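Report on the following structure.
FYI, side chains are in, hydrogens and waters are out, and symmetry mates aren't considered; it's all heavy atoms of this structure. Every value quoted in this text rests on a predicted model; they were computed, and no experiment measured them.
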Amino acid sequence: DSAGRDLPVPPPTPTPGPYSDKPDIDITSWEYKIANAGNSIGDYTPELASLEGQQFDKRIVDAMKKFVAAARAQGLTVCLSSGYRSYDEQNYLYQRKVAQYGEEAAAKIVAPPGTSEHQTGLACDITDKYYDFKDSSLENTALYQWMSQHCQEYGFIVRYPKDKEDMTGIIYEPWHFRYVGVEAATYIMDKGLCLEEF
């Protein structure tokens with residue numbers, strides 16, 4: 001019976017890509033500003049507001065207040081140790097590391113001026129106030145455990161995750177949190193992405 005052979009074959013259903021469920025967002029919006037080794041923001045300065053002795057892009061201050069208050073409600077001791085940094089301040093920190101370690105090693109520890117997330121005003125180093133050093137052992141603190149599990153609820157991500165150094169160009173930093181908004185943060189944290197992948 002040849003009648004069945006002439007029927008059109010339906011086109012195959014395309015297989016959705018790995019990130020086909022990504023939120024429909026405008027990546028040119030302010031909260032997705034990328035500052036990294038491949039993307040200098042020059043001497044960009046956001047409109048700033050202060051919180052606990054640190055400055056931030058004023059648009060994230062309310063989210064940061066809520067994030068910190070929620071952590072403190074868990075009995076955690078939160079220290080906002082480094083928010084916004086100007087181009088000049090970043091240049092000073094970078095040149096100091098260059099003098100200590102040389103340029104190649106310095107760039108993995110401190111971003112060159114114009115390429116630091118801190119200059120966006122959207123990031124903050126957050127540590128336990130009793131913890132003196134910023135190194136990977138911070139991942140073992142109760143503060144990091146709670147903050148890394150709940151940051152997306154307040155619009156923040158762990159910006160430099162473990163095993164993403166090749167993409168971010170920055171060492172694992174379990175103290176560096178970055179604002180991207182709740183929708184993007186939830187997706188990024190759920191999928192285990194870094195901002196560059198997103």
Side-chain angles (χ1 to χ4, degrees), residues 27-61 63-64 67-68 78-129 131-139 141 143-144 147-148 151 155-180 185 188 193-198:
I27 62 164
T28 64
S29 185
W30 61 272
E31 60 268 76
Y32 311 114
K33 184 177 276 299
I34 293 267
N36 63 21
N39 191 58
S40 174
I41 59 172
D43 60 1
Y44 169 83
T45 305
E47 194 173 335
L48 298 168
S50 294
L51 176 65
E52 298 188 16
Q54 298 299 322
Q55 290 188 303
F56 300 97
D57 181 312
K58 72 175 196 166
R59 296 169 286 195
I60 77 160
V61 169
M64 182 62 78
F67 186 27
V68 168
V78 180
C79 177
L80 303 182
S81 68
S82 188
Y84 169 76
R85 284 188 220 133
S86 69
Y87 181 95
D88 290 342
E89 187 179 353
Q90 192 67 29
N91 188 45
Y92 167 77
L93 295 171
Y94 179 68
Q95 294 303 332
R96 197 172 68 180
K97 288 293 181 202
V98 168
Q100 281 180 287
Y101 301 109
E103 198 147 0
E104 190 177 332
K108 291 179 180 164
I109 303 167
V110 175
T115 68
S116 170
E117 276 240 321
H118 287 280
Q119 197 180 323
T120 67
L122 302 174
C124 189
D125 292 348
I126 304 174
T127 59
D128 184 305
K129 72 178 181 178
Y131 216 87
D132 292 332
F133 301 104
K134 290 179 188 168
D135 62 28
S136 61
S137 69
L138 273 169
E139 73 181 357
T141 64
L143 178 70
Y144 176 74
M147 292 194 114
S148 64
C151 58
F156 293 88
I157 59 171
V158 175
R159 177 62 178 95
Y160 301 113
K162 195 183 281 190
D163 303 324
K164 298 291 183 178
E165 290 94 337
D166 287 348
M167 281 175 257
T168 65
I170 303 288
I171 60 168
Y172 171 46
E173 293 191 353
W175 57 85
H176 186 109
F177 290 87
R178 156 70 192 255
Y179 184 82
V180 293
I188 288 167
L193 303 176
C194 64
L195 189 55
E196 283 80 1
E197 289 173 294
F198 180 72

Tightest non-hydrogen contact, residues Thr141 and Leu138, listed as OG1-O, 2.8 Å
side-chain contact (heavy atoms from CB on, under 4.5 Å) test vs Val110 passes for just one of Leu93, Val98, Asn91, namely Leu93
One should read off an interatomic distance between Leu51 CG and Cys124 SG, to the nearest 0.5 angstrom, of 8.0 Å
Sorted by chain and residue number, the salt bridge (charged side-chain N to carboxylate O under 4.0 Å, His left out) partners of Glu104 (sequence neighbours excluded) come out as none
Taken in chain and number order and not counting sequence neighbours, the residues that satisfy salt bridge (charged side-chain N to carboxylate O under 4.0 Å, His left out) with Glu52 are Arg72
Test item: Ile126 and Met64 side chains (from C-beta on) under 4.5 Å apart, heavy atoms: yes
Self-check item: CA sep, side-chain torsions, deciding dist, call: Thr45, Tyr84, side chain to side chain contact (heavy atoms under 4.5 Å, CB included)
Solution: CA-CA 9 Å; Thr45 305; Tyr84 169 76; 3.4 Å; yes
Taken in chain and number order and not counting sequence neighbours, the residues that satisfy side chain to side chain donor-acceptor pair (under 3.5 Å) with Ser86 are none
Original post:
Does Glu89 reach the side chain of His118, with side-chain heavy atoms less than 4.5 Å apart?
Top reply: no
Smallest heavy-atom separation, Trp30 atom then Ile60 atom, equals CZ3-CG2, 3.8 Å
Contacts of Arg96 meeting salt bridge (charged side-chain N to carboxylate O under 4.0 Å, His left out) (sequence neighbours excluded), chain-then-number -> none
Residues at least two apart in sequence or cross-chain that pass salt bridge (charged side-chain N to carboxylate O under 4.0 Å, His left out) with Asp57, listed by chain then number, are Arg59
Value for CG (Asp88) from CD (Gln119), rounded to nearest 0.5 Å, stands at 9.0 Å
Taken in chain and number order and not counting sequence neighbours, the residues that satisfy side chain to side chain donor-acceptor pair (under 3.5 Å) with Ser116 are Gln90
Between the CD atom in Gln55 and the CD atom in Glu47, the distance rounded to the nearest 0.5 Å is 11.5 Å
Can you list, pair by pair, the side-chain donor-acceptor contacts under 3.5 Å of residues 31-38, counting residues two or more places apart and other chains?
unit_1 : atom_1 : unit_2 : atom_2 : d
Glu31  : OE1    : Ser29  : OG     : 2.3
Asn36  : OD1    : Gly38  : N      : 3.0
Asn36  : OD1    : Asn39  : N      : 3.0
Asn36  : ND2    : Glu196 : OE2    : 3.1

Residues pairing under ring-ring contact (aromatic ring centres under 6.0 Å, His included) where one sits in residues 86-108, two or more places apart or in two chains, turn out to be none
Taken to the nearest 0.5 Å, the spacing of Glu165 CD from Cys194 SG works out to 10.0 Å
Exercise for the section: Please examine the side chains of Leu195 and Arg159, heavy atoms only from C-beta on, and report whether any two atoms are closer than 4.5 Å. Expected result: yes
Residues at least two apart in sequence or cross-chain that pass ring pair (Phe, Tyr, Trp, His ring centres under 6.0 Å) with Phe156, listed by chain then number, are Phe67, Tyr179
Is there a side-chain contact between Leu80 and Phe56, using heavy atoms and a 4.5 Å cut-off? yes
Side chain to side chain donor-acceptor pair (under 3.5 Å) filter on Tyr144, not counting sequence neighbours, yields none
Hits for side chain to side chain donor-acceptor pair (under 3.5 Å) against Ser81, two or more places apart or cross-chain, chain-then-number order -> Lys134
Sorted by chain and number, sequence neighbours left out, side-chain contact (heavy atoms from CB on, under 4.5 Å) with Glu173 holds for Tyr160, Ile170, Ile171, Trp175, His176
